Amino acid sequence: MASQVTREWSAIQQFPVATQTKLLELLAKLRNDDISTLTILVMGKGGVGKSSTVNSILGERVASVSAFQSEGLRPVLYSRSTAGFTLNIIDTPGIIEGGYVNENAVEVIKRFLLNKTIDILLYVERLDSYRVDNLDRQVIKAITDSFGKGIWRRGIVVLTHAQLSPPDGLSYEDFFTKRSEALLRLLRLGARIKRQEFQVSCT
């Protein structure tokens with residue numbers, strides 16, 4: 001299993017002051033609640049920006065990002081600590097191959113996560129994709145089948161590739177809202193979540 005030892009989260013000092021302040025306030029609140037570790041799982045189709053999202057959160061280039069480079073075959077765990085708090089982020093390979101879910105890739109991820117507690121799932125998707133399709137539903141169903149419907153209670157949809165000109169004369173805000181709502185509807189369908197089961201929102 002590919003992993004890295006815990007290192008000091010020194011890159012936090014390069015964040016904007018407002019971001020640093022809010023982040024340290026959040027970490028202090030978690031420590032006050034006797035939470036000293038947070039583990040984030042990053043999943044999604046290939047090429048949607050999972051590794052870039054990991055790099056952005058940590059504030060350093062830990063994961064290779066290239067349009068011409070295939071994704072790694074195994075999950076990678078990155079750990080950073082600061083002020084007595086440890087952040088773990090797990091970057092995963094895309095689980096679609098040849099238009100279908102790669103069951104072997106799913107099994108590799110499941111084995112990697114044995115005995116690990118996932119606090120947050122970041123489901124990464126591109127904002128500049130104009131429609132949802134069967135591949136999206138396959139990925140959501142595979143995640144649900146592997147980790148249970150409850151994983152979405154800790155789920156956050158992250159939209160990447162956000163520098164775009166919306167089609168059909170839509171404003172950016174309207175396009176973001178329509179794209180987000182379409183993804184959330186698909187998530188409920190793919191994960192077989194009844195509307196009353198989970199509270200979902202666009203922010």
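Heavy-atom basis, side chains included; hydrogens, waters and symmetry copies ignored. These numbers were taken from a predicted model, which means no experiment stands behind them.
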Does the side chain of [X] reach to within under 4.5 Å of the side chain of [Y], using non-hydrogen atoms?
{"X": "Val108", "Y": "Asn104", "result": "no"}
{"X": "Leu122", "Y": "Leu41", "result": "no"}
{"X": "Tyr172", "Y": "Leu127", "result": "yes"}
{"X": "Asp145", "Y": "Arg192", "result": "yes"}
{"X": "Val42", "Y": "Ile89", "result": "yes"}
{"X": "Leu189", "Y": "Arg137", "result": "yes"}
{"X": "Leu159", "Y": "Leu183", "result": "yes"}
{"X": "Gln20", "Y": "Gln14", "result": "no"}

Check [X] against [Y] and note the closest heavy-atom contact, atom names and distance.
{"X": "Ser56", "Y": "Phe15", "value": "O-CZ, 4.3 Å"}
{"X": "Arg74", "Y": "Pro93", "value": "C-CD, 3.9 Å"}
{"X": "Lys50", "Y": "Met43", "value": "CD-C, 3.5 Å"}
{"X": "Tyr78", "Y": "Val62", "value": "OH-O, 3.5 Å"}
{"X": "Glu125", "Y": "Val48", "value": "OE1-CG1, 3.6 Å"}
{"X": "Ser79", "Y": "Asn88", "value": "OG-OD1, 2.5 Å"}

Item to complete: Look only at the side chain of Asn102 and the backbone of Glu97, and say whether a donor-acceptor pair between them is shorter than 3.5 Å.
Response: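 Such a contact is absent between Asn102 side chain and Glu97 backbone.
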Fill in: Side-chain donor or acceptor of Thr6 paired with backbone N/O of Arg80 under 3.5 Å
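No, because the side chain of Thr6 does not come within donor-acceptor range (under 3.5 Å) of the backbone of Arg80.
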Atom pair [atom1]/[atom2] of [X] and [Y] - distance to nearest 0.5 Å:
{"X": "Arg31", "Y": "Lys29", "atom1": "CZ", "atom2": "NZ", "value": "12.5 Å"}
{"X": "Ile12", "Y": "Ser81", "atom1": "CD1", "atom2": "OG", "value": "10.5 Å"}
{"X": "Ile156", "Y": "Ile40", "atom1": "CD1", "atom2": "CD1", "value": "7.5 Å"}
{"X": "Asn32", "Y": "Ile35", "atom1": "CG", "atom2": "CD1", "value": "10.0 Å"}
{"X": "Arg185", "Y": "Ser180", "atom1": "CZ", "atom2": "OG", "value": "10.5 Å"}
{"X": "Ile90", "Y": "Ile120", "atom1": "CD1", "atom2": "CD1", "value": "12.0 Å"}

Discussion item. Could you tell me if Lys110 sits above the aromatic ring of Phe112, with its cationic atom closer than 6.0 Å to the ring centre and no more than 45 degrees from the axis?
Written reply: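 Output no; distance or angle outside limits.
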Discussion item. Evaluate Val124 against Val157 for side-chain contact (heavy atoms from CB on, under 4.5 Å), listing each step before the verdict.
Written reply: CA-CA 6 Å; Val124 183; Val157 177; over 6 Å; no
Discussion item. Just checking Glu8: does its CD atom have more than 12 heavy atoms from other residues, nucleotides or ligands closer to it than 6.0 angstrom?
Written reply: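 For Glu8, atom CD is crowded (more than 12 foreign heavy atoms under 6.0 Å).
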Practice prompt. Step through the shown structure and confirm whether more than 12 heavy atoms of other residues, nucleotides or ligands are within 6.0 Å of CD on Glu25.
Written response: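 Correct, the count exceeds 12.
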Practice prompt. Determine whether the side chains of Ser171 and Asp174 contain a donor N or O and an acceptor N or O closer than 3.5 Å.
Written response: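 A donor-acceptor contact under 3.5 Å links the two side chains.
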Item to complete: Decide yes or no on side-chain contact (heavy atoms from CB on, under 4.5 Å) for Thr39 and Lys116, but give the supporting numbers first.
Response: CA-CA 8 Å; Thr39 300; Lys116 292 181 176 65; 5.6 Å; no
Worksheet item: Salt bridge between Arg7 and Glu60, side-chain N to carboxylate O under 4.0 Å?
Response: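 Yes, this pair counts.
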Worksheet item: Thinking salt bridges, do Asp136 and Arg131 make one under a 4.0 Å N-O criterion?
Response: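 Salt bridge: no.
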Worksheet item: Mind checking whether Trp9 and Phe85 have ring centres under 6.0 Å apart?
Response: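 No, they do not, as the ring centres are separated by 6.0 Å or more.
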Fill in: Partner of Ile143 under side chain to side chain contact (heavy atoms under 4.5 Å, CB included), chosen from Val101, Ile109, Ile151
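Of the listed options, the one satisfying the test is Ile151.
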Are [Y] and [X] co-members of a hydrophobic cluster defined by side-chain heavy atoms under 4.5 Å apart?
{"X": "Val132", "Y": "Leu135", "answer": "yes"}
{"X": "Phe176", "Y": "Leu170", "answer": "yes"}
{"X": "Tyr100", "Y": "Val139", "answer": "no"}

Practice prompt. Output, in order, the C-alpha distance, side-chain angles, deciding distance and verdict of side-chain contact (heavy atoms from CB on, under 4.5 Å) for Leu87 and Ile57.
Written response: CA-CA 10 Å; Leu87 176 67; Ile57 292 172; 4.1 Å; yes
